[in-house]
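Numbers for residues simply follow the sequence, beginning at 1. Atom set for the values below is all heavy atoms of this structure, side chains included, hydrogens, waters and symmetry mates excluded.
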Amino acid sequence: MKLDFVKISPSQNMTALITSEVHPSDYATVGNMIMDYEYIHAEQAGFITKPTDDGSILRLEMSGGEFCGNAVLAAGAYCIYKGLSKEEHFKIEASGALFPLACHAKVKAPGLFEAEAEMPQPLSMDDTTFHIGAKSISGALIRLGGITHFVTDFWPNNDDFPSILETIKETVHDKAIGIIPYRHVNDEAYEIRPFIYVTERGVHFSSVLAVREHWRLEFI
């Protein structure tokens with residue numbers, strides 16, 4: 001199988017967007033292959049398809065069917081990179097979102113783009129505390145289409161993520177689970193360290209991202 005792709009790094013979250021046609025039943029298999037070190041070695045994979053809404057430029061399908069904000073930013077940058085939109089403001093569709101999302105993307109320098117995008121309204125948002133050994137970790141469970149995030153101000157060590165994930169999996173049964181620790185960097189920025197687990201692939205990625213105002217994702 002030969003696939004065309006573009007590799008984009010939104011906030012250092014390496015994303016491979018497959019532009020060749022792939023059958024939806026193969027998304028998980030191809031996505032898992034794409035992330036392998038011997039192939040593209042990306043942290044996540046999405047598939048560019050035709051939109052169902054006439055007002056949208058394209059549709060983004062994540063390999064696990066979940067919603068991913070960073071991948072939406074990558075798709076927005078891709079629209080400008082490929083000249084799919086003559087305007088900086090446009091709409092795209094995304095898995096996990098019921099309606100087209102408004103995007104704004106522009107070229108900052110060759111190969112560098114600034115992008116903003118709307119997020120779908122959370123399906124639910126609940127404060128919760130997980131008890132893991134002697135630790136009590138408080139935060140919020142935020143459920144989006146196909147993915148549930150646990151957002152917390154507890155800053156973990158690498159060894160903490162697997163035990164946190166296993167505890168969350170006891171009560172959360174979704175296509176994907178995100179653990180999003182955050183901490184304050186300065187008046188204009190927070191640092192987050194996302195750990196994403198996709199159930200169908202049984203794999204995860206983890207990285208540290210600096211989130212600044214012009215990169216923020218806004219709720220509809």
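Under a hydrophobic-cluster definition in which Ile, Leu, Val, Met, Phe, Trp and Tyr are linked whenever side-chain heavy atoms come within less than 4.5 Å, directly or via other members, Ile8 and Val107 are assigned to the same cluster.
Considering every non-hydrogen atom in both Met119 and Leu101, the closest pair reads C-CD2, 4.3 Å. Residues Gly178 and Ile196 come closest through the heavy atom pair CA-CD1, 3.6 Å.
A 6.0 Å sphere centred on OH of Tyr39 holds no more than 12 heavy atoms belonging to other residues, nucleotides or ligands. Within a 6.0 Å radius of NZ in Lys7, other residues, nucleotides and ligands contribute more than 12 heavy atoms.
Looking only at distances, a side-chain donor or acceptor of Thr152 sits under 3.5 Å from a matching main-chain atom of Phe154. Using a distance-only test at 3.5 Å, with no hydrogens or angles considered, a donor-acceptor pair links the side chain of Glu43 to the main chain of Met14. Counting only distance, with no hydrogens or angles, the side chain of Glu118 and the backbone of Ala102 share a donor-acceptor pair below 3.5 Å. Judged by distance alone, the side chain of Asp160 and the main-chain N or O of Asn157 form a donor-acceptor pair under 3.5 Å.
Side-chain atoms of Asp4 and Thr19 include no donor-acceptor pair closer than 3.5 Å.
Ring geometry, Phe113 versus Tyr81: the interplanar angle exceeds 60°, so the pair is classed perpendicular (tilted spans 30 to 60°). Ring pair Tyr182/Tyr190 is perpendicular by interplanar angle, where above 60° counts as perpendicular and below 30° as parallel. Under the 30°/60° scheme for interplanar angles, the aromatic rings of His104 and His89 are found to lie parallel.
Remark: Ser85 engages no residue in a side-chain hydrogen bond (donor to acceptor under 3.5 Å, both in side chains) (not counting sequence neighbours). Applying the salt bridge (charged side-chain N to carboxylate O under 4.0 Å, His left out) criterion to Lys108, with sequence neighbours excluded, gives Glu114.
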